[in-house]
Amino acid sequence: EPNLTGPPGRLRAFGPRAASVTVSSHLPAARSAVWDRVTTAAGINDEMRPIIRMTLPGGIDSLDQVPVGELVGKSWVLLGGLVPFDYDDLMIAHLDEGTGFVERSTMGSQRLWEHVRMLADDDQGCRLTDRLTWEPRLGLPGRPLTPLIRRFFRHRHSRLQRHFGATLPTAPSIS
């Protein structure tokens, strides 16, 4: 499994109210094909559909176009793909093309949000692992959001399995 930690960038460290979850699943496709899908605006939005959709700032079509370590602007999070309900002040802290990335951003609802996505070859395709860590604003604890974020990322993994033609979709492993 690749080790993607990335630099902390301009953001503060997580505090004691932070929480995290990891979701991992097998995809029956070459790692390069998965990477090409999961780093594009179209692929990211297909994963999240129909629950939410995200915009990318400044006409960016792929995470490969985002300057590493720089805040690039707001990505609006749209409930049902239409209603703005949050934003992500997007920063890619680390990108290892074909292997993974670390998004370390602030959101309207989160003082700090980190999404580490790792891809690794396995026997019949690749393993995609998402590790999410967050700390809500307003002094709220992150732990109550764990079931919601876990369920949402399980949904994303199921959509990826369907896209890549998993004949027997497997339940993503979680921790």
Side-chain angles (χ1 to χ4, degrees), residues 1-4 6 20-66 68 72 74-88 90-105 107 110 113-134 145-175:
E1 178 175 298
N3 180 17
L4 296 176
S20 65
V21 66
T22 300
V23 178
S24 183
S25 59
H26 166 78
L27 297 172
R31 183 168 41 98
S32 60
V34 174
W35 177 260
D36 289 345
R37 177 75 178 176
V38 303
T39 55
T40 64
I44 292 165
N45 281 316
D46 187 63
E47 285 178 47
M48 297 189 288
R49 201 168 273 133
I51 301 167
I52 64 173
R53 179 173 67 88
M54 264 180 75
T55 65
L56 287 177
I60 295 169
D61 294 321
S62 171
L63 296 183
D64 294 336
Q65 299 170 330
V66 175
V68 173
V72 294
K74 288 186 175 27
S75 292
W76 291 98
V77 182
L78 308 168
L79 185 62
L82 301 170
V83 180
F85 76 96
D86 205 351
Y87 68 85
D88 182 342
L90 185 65
M91 183 179 78
I92 300 299
H94 180 80
L95 188 127
D96 186 5
E97 190 164 338
T99 302
F101 63 82
V102 177
E103 174 205 348
R104 199 149 202 259
S105 304
M107 298 179 73
Q110 305 300 317
W113 170 266
E114 182 177 81
H115 177 192
V116 179
R117 177 162 273 188
M118 297 170 281
L119 285 79
D121 294 322
D122 70 12
D123 294 341
Q124 298 174 340
C126 78
R127 176 147 296 275
L128 184 135
T129 301
D130 286 310
R131 186 181 71 230
L132 299 307
T133 307
W134 64 93
L145 292 174
T146 300
L148 178 68
I149 292 172
R150 178 182 295 130
R151 183 175 175 103
F152 179 63
F153 273 82
R154 288 179 69 183
H155 165 79
R156 290 181 71 167
H157 281 241
S158 295
R159 300 248 334 148
L160 283 166
Q161 286 177 328
R162 211 172 9 251
H163 175 81
F164 286 107
T167 54
L168 295 171
T170 57
S173 62
I174 54 176
S175 61

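Every value quoted in this text rests on a predicted model; they were computed, and no experiment measured them. These numbers come from the heavy atoms of this one structure, side chains and all, not from hydrogens, waters or symmetry mates. Numbers here are sequence positions counted from 1.
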D46 meets the salt bridge (Lys or Arg N to Asp or Glu O under 4.0 Å) criterion, sequence neighbours left out, with R37, R49, R159

Sorted by chain and number, sequence neighbours left out, salt bridge (Lys or Arg N to Asp or Glu O under 4.0 Å) with D121 holds for R31

Any heavy-atom pair between the side chains of [Y] and [X] that's under 4.5 Å?
X	Y	answer
M48	V77	no
E103	D88	yes
D96	H94	yes
S24	R127	yes
F101	D64	no
L148	R150	no

ask   = For E114, does its backbone N or O pair with a side-chain atom of T133 as donor and acceptor, under 3.5 Å?
value = no

>> Checking the side chain of S105 only, and the main-chain atoms of W113 only, is there a donor and an acceptor separated by less than 3.5 Å?
In response: no

Side-chain donor-acceptor contact under 3.5 Å, T129 with R117: no

Can you list the steps and then say if H26 with F164 is a ring-ring contact (aromatic ring centres under 6.0 Å, His included)? CA-CA 10 Å; H26 166 78; F164 286 107; over 10 Å; no

Near-ring test H115/F153, centroid separation under 6.0 angstrom:
yes

By ring pair (Phe, Tyr, Trp, His ring centres under 6.0 Å), Y87 pairs with (sequence neighbours left out) W76

